[in-house]
Amino acid sequence: MSSYEITYVISSIFGTYIIYKMLKLFFDERRTSIKAEAFSYIAYYFINLLIFFTVRKPIVLLIINITLFFCLSLNYRSSLAKKIIFSVLSFIALMLIETLVVALTGYFAIPVFGYSEYDSSLGLVLIRILSMLLVTILTNLKNIKNDIPVPNFYWFSTIFVSVASLYQFISFFTHGSFNNIEMIILIISILGINFAILFLYDTLYLSFSAKTEKILLEQQNNAYAMQLDIMQQSLDSLQTVRHDIKNHMIVLKNLNSAEGYTKFDEYVDKIISSVDGRTLYSNSENVIVDSILNYKLQAVTNMDVELQVDVSVPKKLSISSYDMTIILGNLTDNAITALKKCSGENFLSVKISYCKGSILITVANTYNGEVKEKNGTLLTSKEDEKNHGIGLRNVEEAVNRNNGHMKINYDDKEFKVNIILPLL
Amino acid sequence: MMRIAVCDDAVEICSEIENIILDYDKQLPVDVFYSGETLINYMKDGNRFDLIFLDIEIGKINGVEVGRFIRDELNDHITKIVYISSKSSYDRQLFDVQPLNFLSKPLDRKKIIQNIKLAATLLEKENKTFSFKIGNEIHRLPIKEIIYFESAGRQIKLISTNEVYHFYGRIDSVAEQLFASRFIVPHRSYIVNYDNIKIIEKDSIKMINGDIIPVSRTKTKNVKEMQIKYEEDNIL
């Protein structure tokens, strides 16, 4: 076996892994078991070698390779069209790199139907490392698109290590002379470094996505905690009412038998007025809307704020209570926090109405006129920026989940959020 | 002059509203009905109102049915209905009538007047006319009668509540003329009267006459923004 053939056998292991990463880029969900998947890649590796040692006609290699890519894509769940497109696309991407390297190393003219005469070990290693760089960059772009923030520094380091290793490899190759064994060790170590760094990057990515997931989970927990609070609150008030009713009934019973009708009548009036005194801001019978508003708006009762609540919505809404809690909870929280910070004549208005298949939520309040803005998004003016900055962002996410739209208007006195949410 | 009706089986509620209205503007003509049937019969004879204060819980025929009769039987989507109720929870079917607002008892004088003012502003907008030329003849159509425009080649198709007109023109110049009115553009070949929409769905809009207008993907955000804008006008 020539040194080129040995290089090919070794670097193909790496090449197979690159193809695995490439396909993983396009297909998310596995259809077969891990074992079957691993086996298919191992099979690919050996078929690839077999073809390499038997046929060396580029056109045959091309057809066989695309077919093999397609077979590998059968491991994943997606439409047939997507499988065909992406196996061809992956092949073209890797092919382009190959052509580029071939051109750079001076073997530009490959006769398509003739025999491949290309046999530079250096070129082969270059091809693998450049392919790896491409896959890393593409993976990073995909991660960015998926909103999983891997800091630039990390993936820059990844790329830096492989580029540096590539440079060292080239200088060794051009300045030194090695025997076959030294050559093989050099190739294995250079590919090994790159393999390891790619692997490390993946691990890094996983830990970052776990972190993001954890933050999401925390937010979810907060929303549920808020809901539980609301439920507890209404349970408490229900118990008070029950307790009161019992006492009232006892008094009424005594009055009825002893003191006569006038006292009885007076007492009933007193109960009626006390029942009226218990303010319910929202009484739409939409449990989730009512409980959030009645709970949150209690905080305003003791403040010098003109409060207007107008809720006219159908009893049942198709928006999940989880999203409704996030939207109304955060909006009222924000409004109340803003109101606490300003003096003078203040108002808070919460209006929810139904219109043409959607509901419109409008929360407007006076505020001290301080708004922090960065790149078109509003930032919190609360002290603890880290924890509170997510309020409006969560609202926006919940709105988007429901195909809705949010619009924020403010001048130096009034801050207003309008949200439209389509119902199913 | 705006014509107002009040329909409630409780005489004292009727006179309360009537007094508030007359106190606000002596000139406003107010008709009072003590049952849904009398209001329906009166309207069957061809009488129309601009604004009706309608109690939900009245006698044999309730407010929902009266509302439905006005919308579906009389095919009148222009009359503004303000529902009055002692409850503040509403069934979904009430919303199909597209009421202007809901008022809960005990009645708030301020809110009644706000509703009259709102109805007046909306009416003023709807009574503006849209003009177009067919041959040498200039037609004028009140905005409220327009359901939508559709561009068809070099012609524009105007679908109104009563008729379909064809005239030569460009959809852009139609949009320009409607600039100050409540219209939305859900698709590059359509201009739709917001007040004659029944329901806005994810990729289509259903009009009061049952026609379905497509919403193109690039316009969905714009449609929602316009909806917020127009609905904001309706908030008291």
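- Heavy-atom distances place the side chain of Thr362(A), and not its backbone, under 4.5 Å from chain B.
- Rounding to the nearest 0.5 Å gives a distance of 9.5 Å between NZ of Lys224(B) and CG of Leu421(A).
- Within 6.0 Å of the NZ atom in Lys340(A), the count of heavy atoms belonging to other residues, nucleotides or ligands does not exceed 12.
- When each of Phe102(B), Tyr230(B), Tyr83(B), Tyr194(B) is scored by its heavy-atom pairs under 4.5 Å with chain A, the top score falls to Tyr194(B).
- The structure places OH of Tyr354(A) at 7.5 Å from CD of Gln98(B), a figure rounded to the nearest 0.5 Å.
- Within the 4.5 Å cutoff, no side-chain heavy atoms of Pro422(A) are placed close to those of Glu201(B).
- Counting heavy atoms from C-beta on, the side chains of Ile228(B) and Met406(A) never come closer than 4.5 Å.
- Within 6.0 Å of atom CZ in Arg188(B), 12 or fewer heavy atoms from other residues, nucleotides or ligands are found, so the atom counts as exposed in its surroundings.
- Contacts between Lys202(B) and chain A at a heavy-atom distance below 4.5 Å involve the side chain alone, from C-beta outward.
- Looking at Ile420(A), both its backbone and its side chain come within 4.5 Å of chain B, counting heavy atoms on both sides.
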* Which is it for Asn418(A) and Lys229(B) under the side chain to side chain contact (heavy atoms under 4.5 Å, CB included) test, yes or no, and what are the steps along the way? -> CA-CA 9 Å; Asn418(A) 276 308; Lys229(B) 188 179 161 220; over 6 Å; no
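- The CG atom of Leu94(B) sits 10.5 Å away from atom OG of Ser312(A), with the distance rounded to the nearest 0.5 Å.
- Dense packing is recorded around NZ of Lys128(B), with more than 12 heavy atoms of other residues, nucleotides or ligands lying under 6.0 Å away.
- The contact between Glu225(B) and chain A is made by backbone and side chain atoms together, counting heavy-atom distances below 4.5 Å.
- If you measure heavy-atom distances from Leu423(A) to chain B, the contacts under 4.5 Å come from the side chain alone.
- Under a cut-off of 6.0 angstrom, the local environment of NZ in Lys206(B) is sparse, with at most 12 non-hydrogen atoms contributed by other residues, nucleotides or ligands.
- Crowding of Asp411(A) atom CG: a count of heavy atoms from other residues, nucleotides or ligands under 6.0 Å exceeding 12.
- Around the NZ atom of Lys413(A), the shell of radius 6.0 Å holds no more than 12 heavy atoms that belong to other residues, nucleotides or ligands.
- Salt bridge annotation for Lys356(A)-Glu231(B): absent, with no cationic side-chain nitrogen under 4.0 angstrom from a carboxylate oxygen.
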